[in-house]
Each structure stands twice: as structure tokens, then as C-alpha cells.
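What follows is a single structure, written as C-alpha cells, with notes after it.
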Amino acid sequence: MSAYGHHMEREYSAQSLSSREVSERTSSYAMESGFYMSSFATTIFIASLVTVGLLFITLLIALTVMLQNCESKSHGLVEVQKPSYDSNYCHIFSLHMELNNFEADQFPSVCRVVASQYIKQGQYATDLNSTMGMVEDYFGSITPQHDGLDVVLMDVDDILSLNPQYSNVSVHRYDHYGCSDCMEEAKHLKHMLILRLYMKLHSSGWPLILLSRKPETHRNTSVEYLVSAGYTAWSSLIMRSEAELHMDSSDYFSKRRAAMQGEGFRIIGIISSHMDALRGPFLGKRIFKLPNPIYYNFEYQIEDIHTPK
């Protein structure tokens, strides 16, 4: 090989060795410092960190908004459920008023609002129709014996609206709650359905005995009202004698039922919206409690207090 060739080979070898040493030093530096990143990779890494940070902040904001919405809905749920609480309270209070013969001034004023809602929202009509359906189904499944001693007792005060001369007073008490009209509609619905039931029982051959808390002195006006309202052909209309005026109403009804059974009558069913007519002895085979708007309990007590004895 020529001298020039040897010279070129030595130079190439020296350059290769120098490059290898530089590469080894670079690798050694990379190993000692942890890792090596180019400027482009660094830019991408920083951008990724910023993106993750923004996403994290966005997530925190979204969670905060969701929690605020949940709190608002929770407060709204409490407000929606509050009328339900009032309704339950008034229903229980009304029941205990009937069971314990509470005075009218013990009736909470908030319950008058609940009573208005009970009627306006149609729940009273639904309850009344359902109960009437149960009564009709029961008496439609049986037939009275031909001796005329199987009788049905009906609380005639559900028909007479107790003392009509005081009805305007009690209705006026609910003008403030915007329910004087709905009270009249509720009364009309009740009277209409009771009349329909009365006609069905009568056409099926059931003897109907009407019982009232009113004194005997109200008989003529009561008969006139019943006839004008479409009620006819009842078997008997029982009203309080003078000696019974100061009796507890439950005792009065029990006494009258006992007298009927003593005369040989078989009480097949009792229909009333008031508890005093549905408790005590001699209740017969079946009793039916008609639903009562809460206002009606209050109205009943007002009218009963002012009813002449």
C-alpha cells in the first residue's frame, strides 16, 4: 500500500476512535443525569402538563356546580315534602278529633289549607268513588232475605249536611283559602254519590233505615229536604228523642242499634262518614267509613255546637 494510503487509514482510524469516545462520554453523561430530552420533547411535555392542569381545574369546577345543584334540589325536595307532612299530620289529627270528640277550636288552622288541597287536587273525589265502589260490590254480592228483617243503616246527616242554616257560615270560613267553591263541589259530589248508592240499594230490595243526630223537632224539615233531594221510600227515619238530646252520639247510635236487634232486625251494613256512628256494640256484619274532607269534620263540629237541642 502506498504511503498516502497508510496516512489516510491512520486518519480514519483516529476519527473513528474520537467519535467513539465522544459517544461514550455523551452516553455516560446521559446515564449520570437521568435522561436526555430534546427541545421538541420538552415543549410537548410542558404542553401536556398544562393540559392536564386545565382538565383538573375543569373537573373541580364541574364537581362544585354539581354539588351546588344537589344542595338546591335537596332544599327543593324538603319544600315539596313539607305539604305531605302537613297532610299526614292533619289526617291523623282529624281522625283523633272524631275519636275523642275534640272541640272545634282545637282544629289547627293549617289543616284548612290542607283540606282545600285535598279537595282541589281531586283526591277526595277519588277516595269517595273508591269507597262507594266497595259498598256497591259488597251489597251486589248478597241479597236480603224475604222477611224484610235484613236492613242497611245509613247516616242521614251525610245527606242532610247537618244543619243547613249554618252551612253558609262554615263555608265562608274558607273564603280566605280560596276554597268556598270547592267545598260546595265536594258536598255536591258526596250527595250525588250517596243518592246513587241509595237508589241502587233500594232497587235491590234492601230496607233502608236512616239515623240522624238531629232532634225529633227537626223531623218535618228533614223529611222535606230528603224528598226534595230525591230520597224516598225509606223504611224508617230515626231522630233523637228529648231524652236522648244530652246523650253522647256514640251511645245514642248504640242504643238505637240495640233496640233494632231486640226487635229482630239483622243489621247487614252501616254506612257513615263519622266515627260516632261506626263504633260501639251491635254494629252488624259490615261497616263502611266514607271519606271525609278534613274541613267537613271542622264544619260538622261548628254546626253541631249551634244545633238547637
Side-chain angles (χ1 to χ4, degrees), residues 87-102 104 107 111 114-115 117-119 121-142 150-162 183 186-201 204 206 208-214 231 234 238 248-258 260-261 266-304:
S87 177
N88 294 334
Y89 168 76
C90 292
H91 175 74
I92 297 300
F93 196 96
S94 175
L95 177 61
H96 283 79
M97 284 185 69
E98 290 189 285
L99 290 174
N100 297 285
N101 295 320
F102 283 3
F107 194 85
C111 293
V114 175
Q117 296 173 350
Y118 178 62
I119 301 169
Q121 295 173 2
Q123 190 59 48
Y124 170 63
T126 300
D127 294 346
L128 185 59
N129 274 289
S130 299
T131 305
M132 289 297 186
M134 293 176 58
V135 178
E136 293 175 2
D137 289 344
Y138 173 73
F139 285 104
S141 65
I142 58 177
D150 289 336
V151 296
V152 178
L153 309 186
M154 298 186 70
D155 187 344
V156 73
D157 292 333
D158 282 324
I159 303 169
L160 297 174
S161 298
L162 298 176
M183 286 174 57
K187 279 187 176 183
H188 175 73
L189 175 64
K190 182 181 68 172
H191 292 176
M192 182 179 65
L193 294 182
I194 291 178
L195 177 59
R196 185 184 70 180
L197 175 63
Y198 181 96
M199 299 301 292
K200 285 187 176 182
L201 293 175
S204 298
W206 289 101
L208 301 172
I209 297 179
L210 309 182
L211 290 92
S212 175
R213 301 165 187 80
K214 290 179 177 293
Y231 296 88
W234 55 80
I238 299 176
D248 178 79
S249 57
S250 294
D251 295 337
Y252 158 69
F253 283 121
S254 297
K255 174 188 174 184
R256 291 292 188 164
R257 291 193 301 265
M260 291 179 205
Q261 291 197 3
R266 296 180 293 270
I267 301 175
I268 305 302
I270 304 174
I271 304 169
S272 176
S273 64
H274 302 289
M275 294 296 296
D276 58 355
L278 302 175
R279 60 189 179 191
F282 313 107
L283 291 175
K285 291 186 176 181
R286 190 71 61 94
I287 59 175
F288 295 96
K289 173 70 168 66
L290 302 182
N292 226 354
I294 299 174
Y295 84 86
Y296 189 81
N297 294 340
F298 182 70
E299 173 187 341
Y300 164 75
Q301 293 185 22
I302 293 173
E303 293 175 349
D304 190 53

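One is the number of the first residue; the rest follow in order along the sequence.
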Exercise for review: Just say parallel, tilted or perpendicular for the rings of Trp206 and Phe139, cut-offs at 30° and 60°.
Suggested key: perpendicular

Check your understanding: Where is the tightest heavy-atom contact between Arg279 and Ser250, given as atom of each residue plus distance?
Key -> NE-OG, 2.9 Å

Review point. Of the non-hydrogen atoms in Glu136 and Lys200, which two are nearest, and what is the gap between them?
Key: OE1-NZ, 3.1 Å

Practice item. Measure the OG-CG distance between Ser249 and Asp155 for me, rounded to the nearest 0.5 Å. Key: 9.5 Å

Review point. Taking all non-hydrogen atoms of both residues, which atom of Tyr252 and which atom of Ser212 are closest, and how far apart?
Key: OH-O, 2.8 Å

Exercise for review: Identify the heavy atoms of Tyr118 and Pro291 that sit nearest to each other, and give their distance.
Suggested key: OH-CB, 4.1 Å

Practice item. Report the distance from atom CG of Leu195 to atom CD1 of Ile159, rounding to the nearest 0.5 Å. Key: 8.0 Å

Point to revise | Spatial distance of atom CG (Leu160) from atom CG (Leu210) [nearest 0.5 Å] | key: 8.5 Å

Review point. Quick one: CZ on Arg196 to CG on Leu193, what's the gap to the nearest 0.5 Å?
Key: 5.0 Å

**Study point:** Any side-chain heavy-atom pair of Lys255 and Asp251 under 4.5 Å
**Key:** no

Review point. Which atom pair, heavy atoms only, marks the closest approach of Ala277 to Phe253?
Key: CA-CD1, 3.7 Å

Check your understanding: Closest approach of Leu283 and Ile267, non-hydrogen atoms and distance?
Key -> O-CG2, 4.0 Å

Check your understanding: Should the ring pair Tyr231 and Tyr198 be called parallel, tilted or perpendicular, given that the plane angle runs from 0 to 90° and is split at 30 and 60?
Key -> perpendicular

Review point. To the nearest 0.5 Å, how far apart are CG in Leu290 and NE2 in His274?
Key: 9.0 Å

Point to revise | Short side-chain to backbone donor-acceptor contact, His191 and Asp158, under 3.5 Å | key: yes

Practice item. Measure from the side-chain N and O atoms of Asp157 to the backbone N and O of Arg213, and report whether any donor-acceptor pair falls under 3.5 Å. Key: yes

Check your understanding: Within a radius of less than 6.0 Å around CE of Met134, do more than 12 heavy atoms belonging to other residues, nucleotides or ligands occur?
Key -> no

Exercise for review: Measure the CZ-CD1 distance between Arg257 and Ile209 for me, rounded to the nearest 0.5 Å.
Suggested key: 12.0 Å

Check your understanding: Could you go step by step and tell me if Met275 and Lys289 meet the side chain to side chain contact (heavy atoms under 4.5 Å, CB included) rule?
Key -> CA-CA 8 Å; Met275 294 296 296; Lys289 173 70 168 66; 3.8 Å; yes

Check your understanding: Hey, are the side chains of Ile271 and Leu197 touching, using non-hydrogen atoms and a 4.5 Å cut-off?
Key -> yes

**Study point:** Side-chain heavy-atom pair Met260, Leu211 within 4.5 angstrom cut-off
**Key:** yes

